[in-house]
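In this chain, numbering begins with 1 at the start of the sequence shown. What's counted below: heavy atoms across the whole structure, side chains too, no hydrogens, waters or symmetry copies.
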Amino acid sequence: MASTCIPAAPTQPALPSGLAVFKTIPYAFILPEILCGTWVWILVAATSVSFPLQQGWVMYVSLSSCLISLLLLISYIFSFHKNSENWKVLDSLYHGATAILYMSAAVLQANATIASESGPHSPLYYQLNSAASFFAFITTFLYILHAFSIYYQ
């Protein structure tokens with residue numbers, strides 16, 4: 001008599017909770033996203049905002065993304081997700097959309113950096129704007145990495 005093997009259903013990896021959030025690859029990006037995003041809005045706030053529409057968008061994106069990512073991190077640490085697949089979809093969509101928004105903010109911040117090169121107090125504000133542009137692009141890269149690693153997991 002031939003025995004038939006029933007293939008096991010593919011199991012999805014469990015969503016991390018507690019301190020395991022900092023050890024699991026896609027979720028370990030959340031803390032660096034928050035830290036780099038915080039540097040973006042601190043550095044933009046420290047400059048003389050010469051371009052209020054451009055740098056206002058940078059402040060909005062960086063501050064709101066930082067706060068939402070912090071709430072997401074807290075929800076993972078305290079296990080509010082209850083290992084639901086909907087959280088993976090939410091996480092992937094949030095980080096994908098935020099990566100697009102951060103890319104637009106990083107480009108606008110780079111434009112403000114170039115324009116601040118010849119303004120008054122140019123050495124100080126140029127350096128602050130350059131650092132803000134650098135951290136904006138790093139944060140964009142982290143959000144892209146997070147979104148793709150969740151998607152391909």
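Here the side chains of Gln54 and Gln109 are not in contact, with every heavy-atom distance at 4.5 Å or above. A heavy-atom distance below 4.5 Å is found between the side chains of Ile77 and Leu73. Contact annotation: the side chain of His95 approaches that of Leu72 to within less than 4.5 Å [non-hydrogen atoms, C-beta and beyond].
In terms of heavy atoms, Ala112 sits closest to Asn129 at O-ND2, 4.2 Å. Among all heavy-atom pairs drawn from Thr139 and Gly37, the shortest one is OG1-N, 3.5 Å. When every heavy atom of Ala105 is checked against every heavy atom of Val58, the shortest pair comes out as O-CG2, 3.2 Å. Smallest separation of non-hydrogen atoms from Pro26 and Ser149: CB-OG, 3.3 Å.
Val61 is not connected to Leu53 by any chain of hydrophobic side-chain contacts under 4.5 Å among Ile, Leu, Val, Met, Phe, Trp and Tyr, and they are in different clusters. Using a 4.5 Å cut-off between side-chain heavy atoms of Ile, Leu, Val, Met, Phe, Trp and Tyr, with links allowed through other members, Phe141 and Leu101 fall into the same hydrophobic cluster. Residue Leu63 is not grouped with residue Phe137 when hydrophobic side chains (ILVMFWY) are merged at heavy-atom distances under 4.5 angstrom, including chains of intermediate members. In the hydrophobic clustering of ILVMFWY residues, with side-chain heavy atoms under 4.5 Å counting as a link, Leu108 and Ile42 come out together.
Side-chain atoms of Tyr27 and Asp91 include no donor-acceptor pair closer than 3.5 Å. Using modelled atom types and a 3.5 Å distance limit, the side chains of Thr113 and Ser133 yield a donor-acceptor pair.
Residues satisfying the side chain to side chain contact (heavy atoms under 4.5 Å, CB included) criterion with Ser62, sequence neighbours excluded, are Val40, Trp41, Tyr102.
Interatomic distance, CG of Leu35 versus CD1 of Ile138, reported as 13.0 Å (0.5 Å rounding). We find the CZ-CG distance between Phe29 and Leu142 to be 7.0 Å, quoted to the nearest 0.5 Å. Atom CD1 of Ile74 sits about 14.0 Å away from atom OG of Ser79, to the nearest 0.5 Å. With rounding to the nearest 0.5 angstrom, the CD1 atom of Ile68 is 11.0 Å from the CD1 atom of Ile34. Here CG of Leu70 is found 9.5 Å from CG of Leu31. Values are rounded to the nearest 0.5 Å. For the atom pair CD1 of Ile30 and OG1 of Thr24, the computed distance is 10.0 Å after rounding to the nearest 0.5 Å.
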Item to check | Derivation of the side-chain contact (heavy atoms from CB on, under 4.5 Å) call for Glu33 and Thr98 | outcome: CA-CA 11 Å; Glu33 290 165 2; Thr98 306; over 6 Å; no
Item to check | Check against side-chain contact (heavy atoms from CB on, under 4.5 Å), Phe148 and Ser92 | outcome: CA-CA 8 Å; Phe148 278 119; Ser92 181; over 6 Å; no
Checklist entry - side-chain contact (heavy atoms from CB on, under 4.5 Å) between Ser116 and Thr47: does it pass, once the steps are laid out? => result CA-CA 10 Å; Ser116 72; Thr47 65; over 6 Å; no
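Other residues, nucleotides and ligands contribute at most 12 non-hydrogen atoms within 6.0 Å of the OH atom of Tyr60. Met59 CE: more than 12 foreign heavy atoms inside a 6.0 Å radius.
If you chain together ILVMFWY residues whose side-chain heavy atoms come under 4.5 Å of each other, Leu71 ends up in a group of its own.
In this pair, Phe135 and Trp39 present their aromatic rings parallel. The plane angle is below 30°, not in the 30 to 60° band. Taking the six-membered ring where tryptophan is involved, the planes of Tyr143 and Tyr94 are perpendicular, since the angle between them exceeds 60° and thus also 30°.
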